[in-house]
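Nothing fancy with the numbering, it's 1 onward along the sequence. The basis for the numbers below is simple: all heavy atoms, side chains too, and nothing from hydrogens, waters or symmetry mates.
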Amino acid sequence: RRELAFAGDAAIRKRLCPSCVRLASLMITAASAPECDQVDASPGVMPPLAMCSASVTSAASASLPPLSARSTSLALFSTRSFRSASAGACCGIAADEDVDDEVRACDAVSEDCDGDSVGIDGTLLRPAANVGELSASSGDSCAFGPSSPSRSAGKSSIAASDGGLRLPSILSRCASTGALGRGGNVAARAHLRLNVTSHVPGTSVVLELAQGELQRGSTGLPEVLTEGKTEAVELRSASAVVGVLRVSDSPPIPFGVQVKPSAPSRSNSFAAAGALGGRGPELVNFVSNEVRQRCVVAHAFGPLEAGSGMDATGDGIVIDAAIGPGSHAEMHVTVRKAKKKEITRLAQEQALINAMEQRKYSTLISQIARSRMRKVETALIDQAGRVLKSIKMPDVLFMSHKELSKLMSWKRVTVAAGTSDETSPCSAGADCPCNAGQAEFGEVCDVTNGMIDRALAGVAPTHMSADKWLFKALVKAALVAPEGCVWKSGGKFILSNEDRNQSASAIVNVLEREGSDCDAGKAMRALVAFTEEEYRFRVTAIQLNFHPNNKSSHKQHRDIYGAGQKGGINCTCSFMKCTGTVCYSIGSSRQVLTETITDSRSKYTPCGDDCTGSKTFHWLHSGSAMFFNAPFNNNHLHGVPPMEEASGPRISIAL
């Protein structure tokens, strides 16, 4: 028994991987152990590294080749031939380093320059002819790719030649020393059968192991999976099987069998203490992370383009991975084409990530709202929320409380004298279809005065007009809400909650922050109830537009009534199917412009290349309401243009 002086040298220990350091420490400990003539052959028990004086003497007297002539990878072996998982997978010592002769003599098994092994009795051990090459990645990881000589997951066992010594089973080897490193004398054996099935042609796969090795007889996974065929590989370890699965260019999927959790739950800790005598937490099997046994990963091939509504165009795959319980576990991985809904979610993830990189407040907050509607992963949305909090909202992007008090005062309200509509026909020709008045039967666009008085009858006080009372109540609610809730959108401002959610319930909630009995909340509830009764439809969204003066505007647009339409890049509409819009106007008089459009969605056809379409200006006075249905919305654009004449504040309530 020779003392392994090199294992105590700190300079050399720094160049050894953790497995070699543990092995060296065990060999030093074994050197001082009492000699024995027999080995405990009970399953799972690690034999002592110094077992009998005869064997050690034989090893010491064997003519071992010098260290410089051996492989540059130093594999430490006990007298039971504990072999590393692969030649060259361990840490190395340079050939020209000064190593004592006693160090060379203490190795029970060494490798000569041709890769053959010498047993403790001097017998030459040659690897079997069908042993494949095991390629090592960074650190201790081993990458198991195709079965080709360059990237194959071969067998880790070495067969003995006639009369030679065979390597013991994995339980009595030091390929994985996790259990021993914790002081245990029984290694918990882990086994995993990995089944991978691809329904997408040309799917590549790579398996990388941080702990464990291939089962004898298992040939690994092919580089490219055959469509519709299930490929299987079996893995084993003396402690835990830990690795990563990479499918095409998708994010890597980590997995593990019989892994000690880094942060066990309280219940698991108590259960483990009872089952294992208080020696530690219960071992777990996982995929993706330690608390999950199933994960679904979607991956897009290149950038995706947003289509109409909630749709997106592009290609991608979905990887569904699930792992079973126990030390002998089975893991199933299925690869398929991504569905339409999954492509949409991937496209939104890309848009959210781009917004996080740009760090533009208005864009990021809109993409967060869109991501919630499209069911993007919560962790990514939370990360985007943290980025948003680190960005200060520019003053030009919202109306401060001071500006609200000054600009949105009822004293500034102006009333225009105009009452009749003004129509400008297409200038290209009098017989242009745009001048017909409507493109299809059933179009409706009406402006009705006095609708606020009807809607708030019995709710608004009698000593004040209903439109004035509602105007003041909404401005007061905007002052109660945090600054930033009245935010700039195009040429106007919108009042909503911090998340910019414009559903009916969300708007009512932000108006009732002062209290459930506040004027703004009562008025909005009454307005919604009146609208649903009057037009026989359910209100799905509310948009509160603030126009401080004549310079404010609302650009020409269609309202979004369903998934077939395309919103702007920062549109937060839900794309729920709708049938019309009711817009109540309170405050100063403004004009609404409606104009024909001749695109693919419209029924209008242009009279020629110089067709200008027909335009109509409608006056909206305080207390009036404008209603139009889906056919009119398909064939016309509407908006609020800026005015040359001076105009005071106005609030429009679009339902």
Side-chain angles (χ1 to χ4, degrees), residues 306 309-310 344-345 347-401 403-404 474-490 492-516 518 520-521 524-525 528 538-546 554 557 559-560 563 567-576 578 651-655:
M310 301 281 286
T344 300
R345 184 165 59 248
Q348 183 55 45
E349 287 180 0
Q350 291 181 356
L352 181 59
I353 292 173
N354 291 337
M356 292 167 63
E357 293 173 349
Q358 295 174 6
R359 296 182 63 85
K360 297 178 70 173
Y361 190 92
S362 57
T363 301
L364 181 55
I365 194 171
S366 299
Q367 293 302 329
I368 290 175
R370 290 166 63 102
S371 298
R372 289 195 177 99
M373 290 187 295
R374 288 158 177 79
K375 295 180 173 56
V376 172
E377 193 171 345
T378 305
L380 184 59
I381 296 177
D382 293 342
Q383 183 181 356
R386 291 191 292 270
V387 174
L388 183 67
K389 290 180 180 179
S390 67
I391 306 173
K392 185 179 183 298
M393 189 176 185
D395 295 339
V396 296
L397 295 183
F398 68 97
M399 189 183 298
S400 66
H401 288 171
E403 292 172 325
L404 275 168
L474 292 178
V475 173
K476 183 179 180 181
L479 291 171
V480 171
E483 285 201 344
C485 287
V486 182
W487 44 278
K488 188 173 181 61
S489 175
K492 64 186 185 307
F493 294 87
I494 294 178
L495 170 62
S496 70
N497 60 11
E498 294 86 341
D499 294 333
R500 302 190 177 182
N501 188 342
Q502 298 182 66
S503 66
S505 59
I507 293 299
V508 171
N509 288 337
V510 75
L511 295 179
E512 292 181 342
R513 290 193 176 184
E514 186 181 2
S516 58
C518 65
M524 190 57 60
R525 291 182 182 274
V528 170
R538 181 173 61 91
V539 173
T540 62
I542 302 174
Q543 184 166 301
L544 301 175
N545 300 306
F546 281 53
H554 196 162
H557 65 284
D559 283 354
I560 294 179
I569 186 173
N570 294 329
C571 174
T572 58
C573 297
S574 63
F575 294 93
M576 186 179 296
C578 299
I651 298 176
S652 68
I653 308 164
L655 288 76

Worksheet entry | W487 and S496: side chain donor to acceptor below 3.5 Å | yes

Worksheet entry | Exercise: do Q348 and S371 side chains pair donor with acceptor under 3.5 Å | yes

Given side chains that start at C-beta, do those of [X] and [Y] come closer than 4.5 Å, heavy atoms only?
| X | Y | value |
| --- | --- | --- |
| L352 | L380 | yes |
| I653 | L655 | yes |
| T540 | C578 | yes |
| K492 | F546 | no |
| Q502 | I494 | yes |
| N501 | V510 | no |
| E514 | K476 | yes |
| V528 | I542 | yes |

Calculate, to the nearest 0.5 Å, the distance between atoms [atom1] and [atom2] belonging to [X] and [Y] respectively.
| X | Y | atom1 | atom2 | result |
| --- | --- | --- | --- | --- |
| T363 | Q358 | OG1 | CD | 6.0 Å |
| S366 | D499 | OG | CG | 11.5 Å |
| M356 | I391 | CE | CD1 | 9.5 Å |
| E403 | D395 | CD | CG | 8.0 Å |
| I381 | I368 | CD1 | CD1 | 8.0 Å |
| L388 | Y361 | CG | OH | 4.5 Å |

Heavy-atom closest pair, residues [X] and [Y]:
| X | Y | answer |
| --- | --- | --- |
| Q367 | A355 | CG-CB, 3.8 Å |
| H401 | L479 | CE1-O, 3.2 Å |
| L364 | A384 | CD2-O, 3.9 Å |
| F398 | F493 | C-CE2, 3.9 Å |
| A477 | L511 | CB-CD2, 3.8 Å |

Worksheet item: Do K375 side-chain atoms and R372 backbone N/O form a donor-acceptor pair below 3.5 Å?
Response: no

Discussion item. Using side-chain contact (heavy atoms from CB on, under 4.5 Å), reason through V486 and L404 one step at a time and then give a plain yes or no.
Written reply: CA-CA 9 Å; V486 182; L404 275 168; 3.9 Å; yes

Worksheet entry | Presence of salt bridge, E512 and R525, under 4.0 angstrom | yes

Practice prompt. Answer yes or no: is there an ion pair linking E498 with R513, defined by an N-O contact shorter than 4.0 Å?
Written response: yes

